Amino acid sequence: MAARPIVEARGIHKHFGSHHVLKGVDLALAERELAFVIGPSGSGKSTLLRCLNRLEEPSSGSVVVDGVDMLDPRTDLNHARQRIGMVFQSFNLYPHMTALGNVTLALRKVAGKTREEADAVGRTALDRVGLADRAGHTPGQLSGGQQQRVAIARAIALEPRVMLFDEPTSSLDPELVGSVLGVMRDLRESGMAMVVVSHEMGFARNAADRVLFMDQGLIVEEGTPSQIFEAPAQERTRSFIGQIQKH
Amino acid sequence: MSAWDRFLEAFFNPVVMSRYLPDILKGTLLTIELAALIIVSGLALGLALALLRSFGFRPLNLLIIFVVDLFRALPPLVIIVFIYFGLPAVGLSPSGFVSTWLSLMFVLMAFSEEIYWAGITSIPKGQWEAARSTGLTYGHALMSVVLPQALRLTIPPLTNRTIAITKGTALASVVAVGEILGMASSAVSNSYNPSPLTMGAVAYLILFLPMVVFGRYLETRMAWKR
Amino acid sequence: MLETFFNLEIARSAWPIILAGLGNTVLLSLVVVPLGLTGGLGLAMLASVRKPWVRYPLMAWVDFFRAFPPLVLLIFLFAGLPFAGLELGGFACVCIAFFLNTGAYYGEILRAGIESVPSGQTEAARSTGLGRVQTMLFVVLPQAVRNVLHDLLSNTLEVVKLTALGSVVAMPELLFQARQAQSLTYNPTPIVLAAVIYFVMLWPLVRLLSRLENRALAVRV
Ligand SMILES: Nc1ncnc2c1ncn2[C@@H]1O[C@H](COP(=O)(O)OP(=O)(O)OP(=O)(O)O)[C@@H](O)[C@H]1O
Ligand SMILES: [Mg+2]
């Protein structure tokens, strides 16, 4: 593993009013590593991801991504965020723009590319997710799986150093899940560092380097997929895995 | 002469009508001018206030909300009367035209701010988050992602509200402006015949009926649905 | 400045006149709001007959009166009809104008409300033996009103504000009285006073409307 982690979060706490949601989470992600986060609903998985690109403001702790201190007020947050791709459960595509428009907006407005340059980059990104032929479609004309792949293209077009996935397949019909996981697998093979919150245990088994189990605002246990799924050390982990595998 | 003839004689008197047609046309032009000024300035100010409000600076927002509430609660005629008859007491004497313009501009500003704001806040949080996660600034996210969607949602309610307020240009006749109703009223008292009022009514219908029908069309075409 | 626009002495002497105007404005509102609602309800009930020969004339009627500035309608009744031998007086003219104008607006709102109630509701009610009118009254209308409550209240706000038009035909309502007092005292304080009264009276409704609007939007998202 590389010497310097690409993401290094230490001692992250997050309060929503009196609600203590993250209670001192440490997370280090190496280059090319895929960390897979599981845990019961409300355990703070989304909040943790959102603290990494500061969509959520951590109450305390430190977050360094690719050598940039995300919590330093002098950091150009918008520039830093381009190096952290994020994919949401509900896609959040811009409904008034085409697929290509979605992918190129930040390239034009933040990265300062001309329309031609942005379009070229955008088409390459759409091609990587297998949607080159859908560039001119609006989100309403695309299936859920296609929408999520456009959302992935929107993130990778900015050439991020790390990608965050928050339950990317949870709102998809079962037959569409495979296409999105396929794109994620390709990304992983290209060496992208990724943090994935998901319930797709099959994907975790054959693509994750490390599985982290979160409960009540803490990372309770972490290890290789086989360690966590076959021989969890903690009782809480065991019962959670047991519950999921019943289904 | 039958009752019907007398009715025609009174309300559709060709002699009176042809005599006062130029006046009514002049009044119509003035109404159009006044309406255009009100619409452009009122909608622009309303949007400006809504954008300011989206920055979430609390003291400023309280002020905006108060001003908006004020102009939603006051009858437009009261505002017109205040500006026209009240301001001269401190040495300002805006004309009836300007008084009406300013009054209805503020009213449209208030109502449209409310509608724009409702549109902006109705855009799901995920849109903001997606935009910010790709590094767009607050301003870019607002202008390129949120506002275009919000404006689309606001078009039908905004159209209907704009028509309702613009019809208030008839109030200008109260402060001696020679718009349609003002011209028609003075023609009636000069000619002792109500036919100019009929012409005025027709002029209003020609101006506003297409807008009302258009508003109805927009409402069914692009109702508040996503 | 305060001396000019809020002269306490003048405010005190104008108070009785203004108060009488306020009373009349309230009374007038209590007459014209139910009047408009009645007209609107009639239109909406008619519109629920889904026959083209009812529907299109009805739409035309509603759009006609929505396109017509209420003041023009009022002046037409007040200054035009006497030429046809019909001298109605200010109050009657205001009532007719409001019935026609605000009735059209209320009608359009209630129609949308009635159409927003799923037809399954009517079918269920009819299947239990309720008649046409009973179904409308006890099943459809309550849901319809709830669905368009915001628009109904918003229109009511407009109707109350519109009563200020009564001043043009010499109805002694709030604005008229304020103008009387102003021309007697050569001071704008009475008008400011009237404006303050309008604001205090209608502000709660304005606030309520903003809240309802936000709640409606929260549901839509
Ligand atoms: N903006 C917020 N304001 C208040 N409380 C919040 C907010 N966002 C999240 N929470 C609370 O924080 C806790 C953790 O939420 P989070 O979304 O991180 O959980 P999660 O592990 O992602 O759950 P899920 O699997 O359901 O997505 C929950 O109890 C939630 O109610
Ligand atoms: Mg979550």
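Just so it is clear: chains get the letters A, B, ... in the order the sequence lines come, proteins before strands, and each one is counted from 1. Here the structure is a predicted model, which is why all the values come from computation and not from measurement.
The nearest pair of heavy atoms linking C:Ala195 to B:Leu74 is O-CD2, 3.2 Å. A pairwise comparison of heavy atoms in B:Pro75 and C:Ala164 identifies CB-CB, 4.0 Å as the closest pair.
Taking CG of C:Leu71 as the start and OH of B:Tyr204 as the end, the distance is 7.5 Å to the nearest 0.5 Å. Interatomic distance, C:Met59 CE to B:Arg216 CZ, rounded to the nearest 0.5 Å: 4.5 Å. Separating the CZ atom in C:Arg179 from the CZ atom in B:Phe85 is a distance of 3.5 Å, to the nearest 0.5 Å. Interatomic distance, B:Asp69 CG to C:Leu209 CG, rounded to the nearest 0.5 Å: 10.0 Å.
Counting non-hydrogen atoms of other residues, nucleotides and ligands closer than 6.0 Å to CZ of B:Arg19 gives a total of 12 or fewer. The number of heavy atoms from other shown groups lying within 6.0 Å of CZ (C:Phe91) does not exceed 12. Other residues, nucleotides and ligands contribute only 12 or fewer heavy atoms inside 6.0 Å of the CD atom of C:Glu87.
For a residue to count as touching a neighbouring chain, one of its non-hydrogen atoms must lie under 4.5 Å from one of that chain's; by this rule C:Met201 does not touch chain B. Neither the backbone nor the side chain of C:Val200 comes within less than 4.5 Å of any heavy atom of chain B. Looking at B:Val78, both its backbone and its side chain come within 4.5 Å of chain C, counting heavy atoms on both sides. Neither the backbone nor the side chain of B:Thr169 comes within contact range of chain C; no heavy atoms are under 4.5 Å apart. Heavy atoms closer than 4.5 Å to chain C are found nowhere in B:Thr166, neither backbone nor side chain. Residue B:Ala10 touches chain C through its side chain alone, counting heavy-atom pairs closer than 4.5 Å. Neither the backbone nor the side chain of C:Ala194 comes within less than 4.5 Å of any heavy atom in chain B. Contacts between C:Val168 and chain B at a heavy-atom distance below 4.5 Å involve the side chain alone, from C-beta outward. For C:Ile75, the parts sitting under 4.5 Å from any heavy atom of chain B are the backbone and the side chain alike. For C:Thr163, no part sits under 4.5 Å from any heavy atom of chain B, backbone or side chain. Interface remark: C:Leu81 contributes backbone and side-chain atoms alike to the contact with chain B (heavy atom separation under 4.5 Å).
Taking B:Ile79, B:Leu197, B:Ile65 one by one and counting their heavy-atom pairs under 4.5 Å with chain C, the maximum is reached by B:Leu197. Most heavy-atom pairs under 4.5 Å with chain C, from the set B:Gly86, B:Ser195, B:Pro88, B:Ser189: that is B:Gly86.
At distances below 3.5 Å, not a single donor-acceptor pair connects side-chain atoms of C:Lys161 with backbone N or O atoms of B:Leu77.
We find that C:Glu158 and B:Arg72 are not joined by a salt bridge, their nearest charged nitrogen and carboxylate oxygen being 4.0 Å or further apart.
Checked against the 6.0 Å centroid threshold, B:Phe11 and C:Phe76 count as a close aromatic pair. Under the 6.0 Å cut-off for aromatic ring centres, B:Phe208 and C:Phe64 do not qualify, their centroids lying 6.0 Å or more apart.
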